[in-house]
K.L.:
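Could you have a look at this structure, given as structure tokens, before my questions?
All chains are named by letter (A, B, ...) in the order of the sequence lines, taking the proteins before the strands, and each is independently numbered beginning at 1.
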Amino acid sequence: MMNGKLKVGVFKLASCSGCQMVLVHLEESLLEVLKYVELKYFRMVSDDDLPNEPLDVAIVEGAVTNEEEGIMIKKIRKMSRFLIAAGACAATGGLNAIKNTTPEGEVESTVYSSPEYIRSGKAFGLNEYVNVDAYLYGCPIDGRELINTLMSLAIRVPPYIPGITVCMECKMNGNECIFLTRGEPCLGPVTVGGCNALCPSNGVTCEGCRGVLKGTNPKGLELAWTNAGVSPDLIRLKLRKYSDVYKLLTR
Amino acid sequence: MAFVLKKEELPHFSKHIISKEYGLFAPVRKEARSIFKRIDENQVGEVSLDYIRTIMPPLKSLLIPPKETLLKIKDGKIEEMLPGPENKTAILGVHPCDVNAMNLLERVYMDRPKDPYFEARRKNLIIIALNCSSADEKCFCTSFGTGPSLEEGFDLILTDLGDRFLVEVGSRKGSELIGDFYMPKASSTDLMEKDETIRRVKGMIRRHVNTAGLQRIMTGALYNPIWNELADRCTGCGACNMVCPTCFCFNVIDEPELDSGSVLRSRTWDGCLLWEYAEVALGGNFRKDLSARIRQFVNHKMNYWLNQYGALGCVGCGRCIEQCPAKIDITSIVARLRGELL
Ligand code: SF4
Ligand code: SF4
Ligand code: SF4
Ligand code: SF4
Ligand code: SF4
Ligand code: SF4
């Protein structure tokens, strides 16, 4: 991949396309990136079938929720040297995975008028099916992080993906802690940073959209919430929104 | 040398500092708290020296910014991004514990080896400290002699005497800063009132760490079950590392800069409560368990610092206690290990 431009494909599984929109909305920066990157496949802006040449980088949005998607991600993995799970859905199952912890009919009938047309099972992140080389967290992903990753790969340095928590960024921004002052459960302590603590810096709690940071302790957080008088119902709702926290707790 | 500054004169004094071409940082109110902020001429009225503890330590944030670009690399050429002498900075209203924390950071960054970035920022910095006129139940500076008054590390220091500030000079830089700004000389009554204030604040401090023989006790407790118990409660969020004025660890990262075609090498704050912190090549990790990581935090402050830099690494500011979502309290950990608390 080191000669000429980086050959990149952008793929979509079960998702809302929000992460691809981030890519589209890069606008001017995207033109700059395209000096180093050649987009070989981008379903959102073209109708081509899967590309039949090998790719340097695959950016995959979306969770795997059925058999076809499972086959698809394995194909993509085979044709790509570097695979990026882009966004909460691809990284952890994302919002889709609410149905892993709630009866499926219940979830589907709240969202769709004719749920009988839906063909999908439990939702999983890509790493349940294939090896993932890098994760871009967030719901949706952060545009700067995407650019950094692509550019780093283009100039052959390992992409920097932060391994710090949202709380750390929240403190660096000098914020008063919403959990400590208002007693509202915030997932910042166990969530991967990189969003510059977007939500708490704007006065609302972190929902954990960037997934659980390795080595943090969600059980400790659950205990802290309980001790602060957060109701068990609220704790359950909060932990299950982006379901990987829940998965860790019930493992 | 000591002077008296009427409280209503503080904005003029702030303006005077700015007129000497210093970028001025001072505490202002933000909701219920105070936060250090860059102040321009029109904002001098917002400066409010009536606070106990800011969330972030002001001097660490200035001298080692959370993210600082060190090098710019382009076409094989390396450019050092050192702050120039034109970036003169003045900070007004820093409490003794925070100045003493900076004195500790100097041991780390100005010696073995000297860090040119820290040194450049430190040289550009003038410190107008503020003796404490109040303390809360999280302050415990008296355990380390790091407050509520200050002996060294400042250029000027203020003490709140109700309707006026006592202004004492700590360095030539400090007296040059006063320059032609007129202030009447302090009287012996003013100085007595200062001593009285500090005695009163000392009396307000309820929290303590017993430092007698502490190093031996901490080392003896390295395998105490307390670390596992704490690891059940700790979330691993690393907020304690961020807010601590003596935590000095950083990570080094390379990022491509889109339009210039160069790569920026930066350092960003790191913390030993993180998994990644003690991770090495091929995925090895020296502190896989959270219990080992929280043990490191507490022992670095209360034990290892002494051999490393000749002083304990805590100044008793109380920030880690205040900001911990799990209510983990370094003073009660020490007290338990000393058998002073069950
Ligand atoms: S508001 Fe949330 S992210 Fe910020 S410090 Fe508190 S728990 Fe952490
Ligand atoms: S603060 Fe939390 S919910 Fe908000 S963007 Fe960041 S990770 Fe997502
Ligand atoms: S710890 Fe001591 S020096 Fe620091 S704010 Fe409290 S009283 Fe002042
Ligand atoms: S360990 Fe805690 S109390 Fe001591 S200096 Fe650091 S933040 Fe302050
Ligand atoms: S306590 Fe941890 S983060 Fe802080 S200086 Fe020591 S090793 Fe570094
Ligand atoms: S602030 Fe508290 S919960 Fe967070 S890492 Fe430090 S000790 Fe653990």
K.L.:
For a quick test of reading the model, state the closest non-hydrogen atom pair linking B/Asp254 to A/Tyr160 and the distance between them.
P.N.:
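For B/Asp254 and A/Tyr160, the tightest heavy-atom pair comes out as O-CB, 4.3 Å.
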K.L.:
For B/Pro256 versus A/Ile155, what's the shortest heavy-atom pair and its separation?
P.N.:
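So the two residues come closest at CB-CD1, 3.9 Å.
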K.L.:
Chain A heavy atoms under 4.5 Å from B/Ala32: which part of the residue, side chain, backbone, both or neither?
P.N.:
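Looking at B/Ala32, nothing touches chain A.
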K.L.:
Is the backbone of B/Glu255 close enough, under 3.5 Å, to the side chain of A/Asn148 for a donor and an acceptor to pair up by distance?
P.N.:
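No: the side chain of A/Asn148 does not pair with the backbone of B/Glu255.
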K.L.:
Tell me, side chain or backbone of A/Ser29 under 4.5 Å from chain B's heavy atoms, or both, or neither?
P.N.:
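Its backbone and side chain both get close to chain B.
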K.L.:
Tell me whether A/Arg144 at atom CZ has more than 12 heavy atoms from other residues, nucleotides or ligands lying less than 6.0 Å away.
P.N.:
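Check fails, neighbour count at 12 or below.
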K.L.:
Kindly compute the distance separating CE (B/Met242) from SG (A/Cys170), expressed to the nearest 0.5 Å.
P.N.:
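So the gap between those two atoms works out to 12.0 Å.
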K.L.:
Which atoms of A/Leu221 come close to chain B, meaning under 4.5 Å heavy atom to heavy atom: side chain ones, backbone ones, both, or neither?
P.N.:
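It is both, since atoms from each part get that close.
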K.L.:
Enter the distance from B/Asp270:CG to A/Met168:CE here, rounded to the nearest 0.5 Å.
P.N.:
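Those atoms lie 6.0 Å apart.
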K.L.:
Please list every donor-acceptor pair under 3.5 Å in which a side-chain atom of residues 232-241 of chain B meets a protein atom from a residue at least two apart or in another chain.
P.N.:
from     : atom 1 : to       : atom 2 : distance (Å)
B/Arg233 : NH2    : B/Ala326 : O      : 3.2
B/Arg233 : NH2    : B/Lys327 : O      : 3.2
B/Thr235 : OG1    : B/Cys237 : N      : 3.3
B/Asn241 : OD1    : B/Cys272 : N      : 3.1
B/Asn241 : OD1    : B/Leu273 : N      : 3.1

K.L.:
Residue by residue, scan residues 313-324 of chain B and write down, ordered by number, those that have a heavy-atom distance under 4.5 Å to chain A; if none do, write 'none'.
P.N.:
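B/Glu322, B/Gln323, B/Cys324 fall under the 4.5 Å cut-off.
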K.L.:
So which part of A/Ile161 gets closer than 4.5 Å to some heavy atom of chain B, the side chain, the backbone, both or neither?
P.N.:
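A/Ile161 touches chain B through backbone heavy atoms alone.
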K.L.:
Looking only at heavy atoms, which two atoms of A/Met172 and B/Trp269 are closest? And how far apart?
P.N.:
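Smallest interatomic distance, heavy atoms only, reads CG-CE3, 4.0 Å.
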K.L.:
Does any backbone or side-chain atom of A/Asn227 lie under 4.5 Å from a heavy atom of chain B? Answer side chain, backbone, both or neither.
P.N.:
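Neither part; nothing is under 4.5 Å.
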K.L.:
Using side-chain heavy atoms (C-beta onward) and a distance below 4.5 Å, is B/Leu274 in contact with A/Ile164?
P.N.:
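Yes, their side chains come closer than 4.5 Å.
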K.L.:
Please report the shortest heavy-atom distance between A/Gly174 and B/Met56, naming the atom on each side.
P.N.:
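Distance-wise, the nearest heavy atoms are CA-CG, 3.8 Å.
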